[in-house]
Number of protein chains: 2
Amino acid sequence: MKRDSRLSSVLHALLHMAEQNEPMTSEQLAACMCTNPVVVRRTMGLLRDAGLVTSERGPSGGWTIAADLEAVTLRDLHEALGEPSIFAIGNRNENPGCLVELAVNAALDGAFADAEALLLDRFAKVTLARLSADFNRRHAAHRARS
Amino acid sequence: MKRDSRLSSVLHALLHMAEQNEPMTSEQLAACMCTNPVVVRRTMGLLRDAGLVTSERGPSGGWTIAADLEAVTLRDLHEALGEPSIFAIGNRNENPGCLVELAVNAALDGAFADAEALLLDRFAKVTLARLSADFNRRHAAHRARS
DNA sequence: GCTTCATGTAACTTCGTTTATTACGATTTA
DNA sequence: TAAATCGTAATAAACGAAGTTACATGAAGC
């Protein structure tokens with residue numbers, strides 16, 4: 001089953017933008033995200049709706065981070081993307097009349113809910129600032145090696 | 001993103017089979033799982049490979065539970081189905097050269113791994129026997145009400 | 001104002017995955 | 001031998017996500 005990689009993608013984009021003082025165009029972001037500009041605009045548009053980035057048109061326009069890197073967490077990004085469903089497996093029928101189905105769903109739903117809570121909790125603890133620092137640490141180490 | 005509901009489906013099937021003393025045909029199971037016989041054979045075939053059910057051909061043939069209900073857990077079923085990937089979201093690129101990508105993946109992977117471990121742990125604690133008992137309790141309550 | 005660059009967005013196409021269907025072979029029972 | 005049932009390959013259909021095209025809107029610079 002194919003995975004939704006938009007969270008990973010926008011993270012990539014945001015970290016690149018964080019290293020940059022000027023706006024980045026959809027075209028530039030598309031290049032570094034291996035996709036095309038329209039998809040970038042669609043996806044980044046969701047972040048803009050959530051107030052995390054701004055966009056400007058015209059020459060010297062593009063996308064800019066609009067929020068404090070310390071304040072934005074992975075969970076914020078997940079929410080901005082519309083809280084896409086986290087699990088690739090799930091119940092066959094969410095509104096069952098069959099009593100067997102009820103028993104099955106009850107067992108599965110509890111487990112999924114707990115796993116989801118754990119994941120969102122972890123997401124809430126990771127800020128963009130931390131990821132950016134993490135990247136810079138790796139970058140420094142990489143330069144030192146070569 | 002569409003979810004794989006095979007785990008839920010086979011659970012449904014197995015609980016019905018547990019209420020029954022004779023083999024159930026693919027056709028019967030298909031009816032109660034809202035699908036068709038070939039899909040049932042494909043899916044149940046995986047459980048048979050794992051030794052959880054048996055199939056017999058010819059008249060009076062069909063599918064029978066071959067394992068102890070106390071011993072079979074949701075995790076066993078998940079494994080029998082080929083351990084389909086649990087998450088609907090994930091990294092964009094699993095083998096990245098980009099250092100930004102490395103930092104992003106490291107952050108996401110840890111969280112996903114922990115959530116997966118929690119879920120599988122929960123699965124391992126739920127037996128078919130318990131679900132069957134759960135169903136029978138609901139069933140009794142339902143009959144008492146009417 | 002005109003041109004250029006960039007986003008905004010609707011419409012459509014393409015692609016990959018999953019499920020359903022068809023068809024037929026193999027096996028078992030009577 | 002006839003009927004029932006699974007086994008499985010091959011194909012079709014359905015669906016959603018992503019890519020693409022096309023054009024409108026707005027901003028900057030001359």
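A quick note: this is a predicted structure, and the numbers were derived from the prediction, not measured. Throughout, a chain's letter reflects where its sequence line sits, starting with A, and its residues are numbered from 1. What's counted below: heavy atoms across the whole structure, side chains too, no hydrogens, waters or symmetry copies.
When the C1' atom of C/dT17 is taken as reference, atom CE of A/M1 falls 8 Å away, rounded to whole Å. Protein atom CZ of B/R42 is 12 Å distant from nucleotide atom P of C/dT18, rounded to whole Å. In this structure, A/L29 places its CG atom 12 Å from P of C/dG8, rounding to the nearest Å. Spacing between atom CG of A/D4 and atom C1' of C/dG16 amounts to 15 Å, rounded to whole angstrom units. In this structure, CE of A/M44 is placed 17 Å from C1' of C/dT9, rounded to the nearest angstrom. We find that CZ of A/R3 is positioned 17 Å from C1' of C/dT18, with the value rounded to whole Å.
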Give the intermediate values and the outcome of salt bridge (Lys or Arg N to Asp or Glu O under 4.0 Å) for residues B/D134 and B/R138. CA-CA 6 Å; B/D134 192 20; B/R138 288 166 195 265; 3.6 Å; yes
Please assess A/L118 against A/D114 for the test side chain to side chain contact (heavy atoms under 4.5 Å, CB included), listing each intermediate value before the final yes or no. CA-CA 6 Å; A/L118 172 68; A/D114 287 353; over 6 Å; no
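When side chains are defined from C-beta on, A/L29 counts as touching A/V40, because their heavy atoms get closer than 4.5 Å.
An OP1 or OP2 oxygen of C/dC5 is reached within less than 4.0 angstrom by no side-chain nitrogen or oxygen of A/T25. An OP1 or OP2 oxygen of C/dG8 is reached within less than 4.0 angstrom by no side-chain nitrogen or oxygen of A/R41. At least one side-chain nitrogen or oxygen of A/R48 sits closer than 4.0 Å to the OP1 or OP2 atom of C/dG8.
Taking the six-membered ring where the residue is Trp, B/F112 and A/F123 present perpendicular rings, their angle passing 60° and hence far from 30°.
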Name every donor-acceptor pair, under 3.5 Å, that has one atom in a side chain of residues 49-72 of chain A and the other anywhere in the protein, sequence neighbours excluded.
{"unit_1": "A/S55", "atom_1": "OG", "unit_2": "A/R48", "atom_2": "NH1", "d": "3.2"}
{"unit_1": "A/W63", "atom_1": "NE1", "unit_2": "A/S26", "atom_2": "OG", "d": "2.9"}
{"unit_1": "A/D68", "atom_1": "OD1", "unit_2": "A/E70", "atom_2": "N", "d": "2.9"}

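Counting heavy atoms of neighbouring residues, nucleotides and ligands inside a 6.0 Å radius, atom CD of A/E79 exceeds 12 of them.
Nearest-nucleotide assignment on DNA chain D puts the 5′-proximal partner with B/R57, out of B/R57 and A/E56.
Annotation: proximity of residues 58-65 of chain A to DNA chain C (heavy atom, distance under 4.0 Å) is found for A/G58, A/P59, A/G62, A/W63, numbered in ascending order. Taking a 4.0 Å limit (strictly below) on heavy-atom distances, residues 15-22 of chain A does not reach DNA chain D anywhere.
Closest approach of B/L46 and B/A80 over heavy atoms only: CB-O, 3.5 Å. Smallest separation of non-hydrogen atoms from B/C98 and A/H16: SG-NE2, 4.0 Å.
Looking at heavy-atom distances under 4.0 Å, B/E27 makes no contact with the nucleic acid at all.
Under the side chain to side chain contact (heavy atoms under 4.5 Å, CB included) criterion, B/D4 pairs with A/M1, A/I89, B/R6, B/P84, not counting sequence neighbours. Every side chain to side chain contact (heavy atoms under 4.5 Å, CB included) that B/Q20 has, sequence neighbours left out, goes to B/M24.
Mapping heavy-atom proximity under 4.0 Å, the span of DNA chain D touched by chain A runs 5' to 3' from D/dG19 to D/dA28.
In this structure a side-chain-to-backbone donor-acceptor pair under 3.5 Å is present from A/R92 to B/M33.
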